Structures are given as C-alpha cells and as structure tokens.
Amino acid sequence: QQPSTPVPTDARKQTTLGKYCTAMEAYLMWRAKPKEVVILDVRSPEEYVFVGHPEMALNIPVQFFSPAFDAEKKSYGMAANPDFVAQVAKKLDKNATIIAMCRSGQRSAAAVNLLAAAGYTNVWSMVDSFEGDAVTDPENLYNGKRMKNGWKNYGLPWTYALNPAQVFVK
Ligand SMILES: O=S(=O)([O-])[S-]
C-alpha cells in the first residue's frame, strides 16, 4: 500500500517529487520490501550515533554538524555536505526506492530535492522523521519537546548500535 501523506503545509518540508510518508508508513513500506526500500538517514553522524537511528537506516549526511556556536540564533551551525549526491550514487541507483529521513522532515526534503535534481525519481520524504514535531501547547508538560510523532515516538525499531555497512564513512 502506498503512503497517503498529503503535501506538508510547511514549505521547508516540501519536495519537487511530491512523495511524502510518515515514519509509520515508511516502516510499513520497508517491511513489505526490505531488500528494495532503503531508509536513508541524512542527519549528521553525531545524531545517528547519539540520538539513535532506525535499525535498517543507511547514514549519508546532507549536512554536517558545525561546532561554531551562533549566539544570536542560539544554535550551532550546519554545513552542507558537498559530496552528498556523489556519496549516495556510490550506493544507490537512480531508480532505487529511497525514503529520506532526518530529525523532523526539513533536511530530508532538502536531500530529496538534491537527489531529484540529479535524476533520482522515487525518493520519499519522511515528514515527521526520527524525532517528530514538537508539542506546541504551553499547558502541556511536554511543551517544546519532540513528542508528537516520528519514528522514535511511534516505538518503531531503532538502535544506537553501529553496523559498518550502514554508518557514514567518508
Ligand atoms: O532538518 S530537520 O527537520 O531535521 S530540523
């Protein structure tokens, strides 16, 4: 069964290919065809290692974590991985079924767009991704926490274990 997730309202989560799925739909797609469907985790290797990752996920970062802290934005930076498409191409054909995922669906959309521009046609963006969206309700104990949806919150299979065939190696 094909995912029926609609176009996300957040423009940063939209892709040129228009293929969207939730973490649950992604898991069901993978489970139906585990040899054909690739879950591609485009987060930084640090997130893959320390936050954990779907058990079957291949890590190729679309952006790297940057240790430069921006006091105004109150965040660390991310730097584009200039070799992202080439690194994907080493492992996956242009007609492969790929589900891109990140923390909560923005970098996965960016990754889909890069791959689409390079000729990949069957690339989905996991809109809630690994950690999901944050609760936005000041009355809620979990306000601001990523507890709404996503792979981890659904209780889908994830791990901290590192498989040499799946980790990012430059
Ligand atoms: O890019 S992100 O959705 O993982 S914050």
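Residue numbers count from 1 along this sequence. Keep in mind that what you see is a predicted model, and the values were worked out from it rather than measured. First listed ligand is number 1; within each ligand, the first listed atom is number 1.
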Minimum heavy-atom distance between Lys91 and Ala165, given as atom pair plus value | NZ-O, 3.9 Å
Does a side chain donor of either Thr22 or Asp128 reach within less than 3.5 Å of an acceptor in the other side chain?
-> no
Establish, from distance only, whether the side-chain atoms of Trp151 and Asn149 form a donor-acceptor pair under 3.5 Å.
-> no
Can you name the closest pair of heavy atoms from Thr9 and Gln14 and give their distance?
-> O-NE2, 3.8 Å
Dump the pairs for me: ligand 1 N or O, protein N or O, distance under 3.5 Å, to 0.1 Å.
residue: ligand 1; atom: 1 (O); partner: Arg107; partner atom: N; Å: 3.0
residue: ligand 1; atom: 1 (O); partner: Arg107; partner atom: NE; Å: 3.0
residue: ligand 1; atom: 3 (O); partner: Ser104; partner atom: N; Å: 3.2
residue: ligand 1; atom: 3 (O); partner: Ser104; partner atom: OG; Å: 3.2
residue: ligand 1; atom: 3 (O); partner: Gly105; partner atom: N; Å: 3.2
residue: ligand 1; atom: 3 (O); partner: Gln106; partner atom: N; Å: 2.8
residue: ligand 1; atom: 4 (O); partner: Arg103; partner atom: N; Å: 2.9
residue: ligand 1; atom: 4 (O); partner: Ser104; partner atom: N; Å: 3.3
residue: ligand 1; atom: 4 (O); partner: Arg107; partner atom: NE; Å: 3.3
residue: ligand 1; atom: 4 (O); partner: Arg107; partner atom: NH2; Å: 2.9

Which heavy-atom pair separates Thr15 from Tyr20 by the least distance, and what is that distance?
-> N-OH, 2.8 Å
Residue pair Ser104 / Asp133, side-chain donor-acceptor N/O under 3.5 Å | no
